[in-house]
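Here is the structure we will look at.
Positions are given from 1 along the sequence. Note that this is a predicted model, so its numbers are computed, not measured.
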Amino acid sequence: MSKYSRRKFLFTAGITAAGTLLVHGCTSGTNNAANTNTTANTNTTTNSSPSAVPAVNVNSADTPEVTTAKLGFIALTDSAPLIIAKEKGFFDKYGMKDVEVLKQASWPVTRDNLETGSANGGIDGAHILTPMPYFMTLGQTKTKQPTPMYILARLNTNGQAISIANNYKEFKVGLDSKGLKDAFSKAKSTGKNDLKAAMTFPGGTHDLWMRYWLAAGGINPDRDISVIPVPPPQMVANMKTGNMETFCVGEPWNAQLINQGLGYSALVTGELWKDHPEKAFAMRQDWVDKNPKAAKALLMAVLEAQQWCDKAENKEEMCQIISQKKWTGVPAKDIIERSKGNIDYGDGRPVVQNSPLLMKFWADNASYPYKSHDLWFLTENIRWGYIPADTNTKQLIDKVNREDLWKEAAKAIAVPEAQIPTSTSRGIETFFDGVKFDPENPQEYLTNLKIKKTA
């Protein structure tokens, strides 16, 4: 993995549990020695007024088996659908009036609370990095025992970035990472050998974006730099103290870095792969199987919240809501511009207005969990040695990805037929460097990649 397991990494923002998780999460990718029950009840009074009808007439045949569920989230803009479903009354609308949306300190905490389950003080579902439900289903958990999961929806596409410390500006590193080779050589010549690239969870989306970007420029992420996990809210503080050269994380942390004058964005991840899949809404398999009507109600609420979040007229209110301390605790000014597609890279490049690479919650089938996208994530995790090369990816995806439930929920809330995909594959995907991923032949893609751990 990375060389980080042999070095001490400074945490500056003071979340002790997350700091403990960082150390253990790096060495194993799955173990977490900290208390996993690090949730905070965020269902406090808010000034936002619900817009959904609070008491919809739910057909008796569709009455949820339970009215409560505990859902986790990380302080990122792409958790908005869960937050908005709570704040604007969409959960209530579909009979799930006692849903709790609970802040998690890090992705390892999210994983461990999902493994624990609400019956034992954990959670039932979460806003989560798309590969994580697969890791958990494979048994990459605290106890090393499988916790079968379902992916019910994709929460968003796009909306992440790779940012770099200001002291690398002279190398003008952007979409092409090759310039970092010279930058790293210069840094090492001055005695700085412990170079770090931060992401949020080994094998997660940010790890894969960072690794793909570095490798495309000829930089081996397992030899030329230490790729380390850091919880999203810790990124800016660690960049400020010089603990890392670059990081990949979701918003609003990249925009906050720039607003504080501490670094710049080399790229937004939509430039790596246009409309790439990102977070997922996932739940424990046993919870969904036991409460299928409640799961459908939750999914209906989340889909409606995604539609609400994607409307231009709602962006300001969405950012004001999620900026509250109980949610992200980040000033709305650090959230709003990139949510609108206005991208200030922070290095003198012209500000991009109305970029089509903005975070999407619903547009262009952003919510639909394409199985072909899950296959790419699994293939990349094989590439970097996070899962075995002989993993039966098709069988695993068919077990975890419940796009059939997504379609049921979409039809139940009268999503137009034209907005419901007819195929579980989005087809051949093309990356910024010209590499293509054909979901019909993932092995060819893997074989042709020059830098990888697998043979």
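Looking only at distances, a side-chain donor or acceptor of T116 sits under 3.5 Å from a matching main-chain atom of D112. For the pair T141 (side chain) and K144 (backbone), a donor-acceptor distance under 3.5 Å is present. Q140 contributes no side-chain N or O that, together with a main-chain N or O of F135, makes up a donor-acceptor pair within less than 3.5 Å. At least one donor-acceptor pair closer than 3.5 Å links the side chain of Q306 to the backbone N or O of F361. Distance alone, capped at 3.5 Å, places no donor-acceptor pair between the D433 side chain and the A216 backbone. When atom types are taken as modelled, the side chain of S355 and the backbone of V352 share no donor-acceptor pair closer than 3.5 angstrom. Put simply, the side chain of E245 gets close to the backbone of K196: a donor and an acceptor are under 3.5 Å apart. Although no hydrogens or angles enter the test, the distance criterion places no donor-acceptor pair under 3.5 Å between the side chain of E316 and the main chain of N314. In this structure, K452 contributes its side chain and W384 its backbone to no donor-acceptor pair below 3.5 Å. Not a single donor-acceptor pair under 3.5 Å links the side chain of T391 to the backbone N or O of T393.
You'll find the side chain of L114 reaches within 4.5 Å of the side chain of M136, heavy atoms only. Taking the side chain as every heavy atom from C-beta outward, I413 and Q307 approach each other to under 4.5 Å. You'll find the side chain of L378 reaches within 4.5 Å of the side chain of I397, heavy atoms only. I123 has its side chain out of reach of L71: every pair of non-hydrogen atoms, C-beta onward, lies at least 4.5 Å apart. Contact check for I343 versus V351: no side-chain heavy atoms found under the 4.5 Å cut-off. At a threshold of 4.5 Å between non-hydrogen side-chain atoms, the residues W213 and T246 count as touching. Residues Y134 and I151 form a side-chain contact, since some pair of their non-hydrogen atoms from C-beta on lies under 4.5 Å apart. Annotation: side chain of Y386 is not in contact with side chain of E380 (no heavy-atom distance under 4.5 Å).
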Does the pair Q104 and N113 meet the rule for a side chain to side chain donor-acceptor pair (under 3.5 Å), with working shown?
CA-CA 9 Å; Q104 311 293 295; N113 278 327; 2.8 Å; yes
Apply the test side chain to side chain contact (heavy atoms under 4.5 Å, CB included) to residues L155 and V302: give CA-CA distance (whole Å), side-chain angles for both, the deciding distance (0.1 Å), then the verdict.
CA-CA 8 Å; L155 285 180; V302 170; 3.8 Å; yes
How far apart are the C-alpha atoms of D78 and K279, what are their side-chain angles, what is the distance that settles it, and do they pass the salt bridge (Lys or Arg N to Asp or Glu O under 4.0 Å) test?
CA-CA 7 Å; D78 49 32; K279 306 299 187 303; 2.7 Å; yes
N401 and Y150: CA distance, side-chain angles, deciding distance, side chain to side chain donor-acceptor pair (under 3.5 Å) verdict:
CA-CA 6 Å; N401 184 304; Y150 286 152; over 6 Å; no
Evaluate side chain to side chain contact (heavy atoms under 4.5 Å, CB included) for F281 paired with L299, printing each intermediate quantity in order.
CA-CA 9 Å; F281 173 44; L299 190 47; 4.2 Å; yes
Full working for side chain to side chain donor-acceptor pair (under 3.5 Å) between K436 and T430
CA-CA 4 Å; K436 295 182 183 296; T430 303; 3.0 Å; yes
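A distance of 10.0 Å separates CD1 in I225 from OG in S177, rounded to the nearest 0.5 Å. I335 contributes atom CD1, which lies 8.5 Å from atom CD of Q320 (distance to the nearest 0.5 angstrom). From N238, atom CG reaches atom CZ of F247 across 9.5 Å, with rounding to the nearest 0.5 Å. Separating the CG atom in L357 from the NE2 atom in H276 is a distance of 8.5 Å, to the nearest 0.5 Å. Taking CZ of F73 as the start and NZ of K86 as the end, the distance is 12.0 Å to the nearest 0.5 Å.
When ring centroids are compared, F431 and W376 come within the 6.0 Å threshold.
Exactly one residue among T110, T200, D207, I74 makes a side-chain contact (heavy atoms from CB on, under 4.5 Å) with L129. That residue is T200. Screening Y368, W273, F437 for a ring-ring contact (aromatic ring centres under 6.0 Å, His included) with H373, the sole residue that qualifies is W273.
Residues passing the salt bridge (charged side-chain N to carboxylate O under 4.0 Å, His left out) test with E429, sequence neighbours excluded: R426. Residues satisfying the side chain to side chain contact (heavy atoms under 4.5 Å, CB included) criterion with K293, sequence neighbours excluded, are E65. Take D390 and apply the salt bridge (charged side-chain N to carboxylate O under 4.0 Å, His left out) test, not counting sequence neighbours, and it matches no residue. Residues passing the side chain to side chain contact (heavy atoms under 4.5 Å, CB included) test with Q395 are N392, sequence neighbours excluded. Residues that satisfy the salt bridge (charged side-chain N to carboxylate O under 4.0 Å, His left out) test with E271, not counting sequence neighbours, are absent from this structure.
Under a cut-off of 6.0 angstrom, the local environment of CD in E417 is sparse, with at most 12 non-hydrogen atoms contributed by other residues, nucleotides or ligands. Around atom NZ of K333, more than 12 heavy atoms belonging to other residues, nucleotides or ligands sit under 6.0 Å away.
Remark: R338 engages E251 in a salt bridge, criterion side-chain N to carboxylate O under 4.0 Å. Using a cut-off of 4.0 Å between Lys/Arg side-chain N and Asp/Glu carboxylate O, E304 and K88 are scored as not salt-bridged. Between D222 and R211, at least one side-chain nitrogen of the basic residue sits less than 4.0 Å from a carboxylate oxygen of the acidic one, meeting the salt-bridge criterion. With respect to E403 and K407, a salt bridge is recorded, a charged nitrogen being found less than 4.0 Å from a carboxylate O.
Each salt bridge (charged side-chain N to carboxylate O under 4.0 Å, His left out) pair with one or both residues in residues 358-377, not counting sequence neighbours, appears once here: R154-D374, D275-K360, K360-D364, K371-D398.
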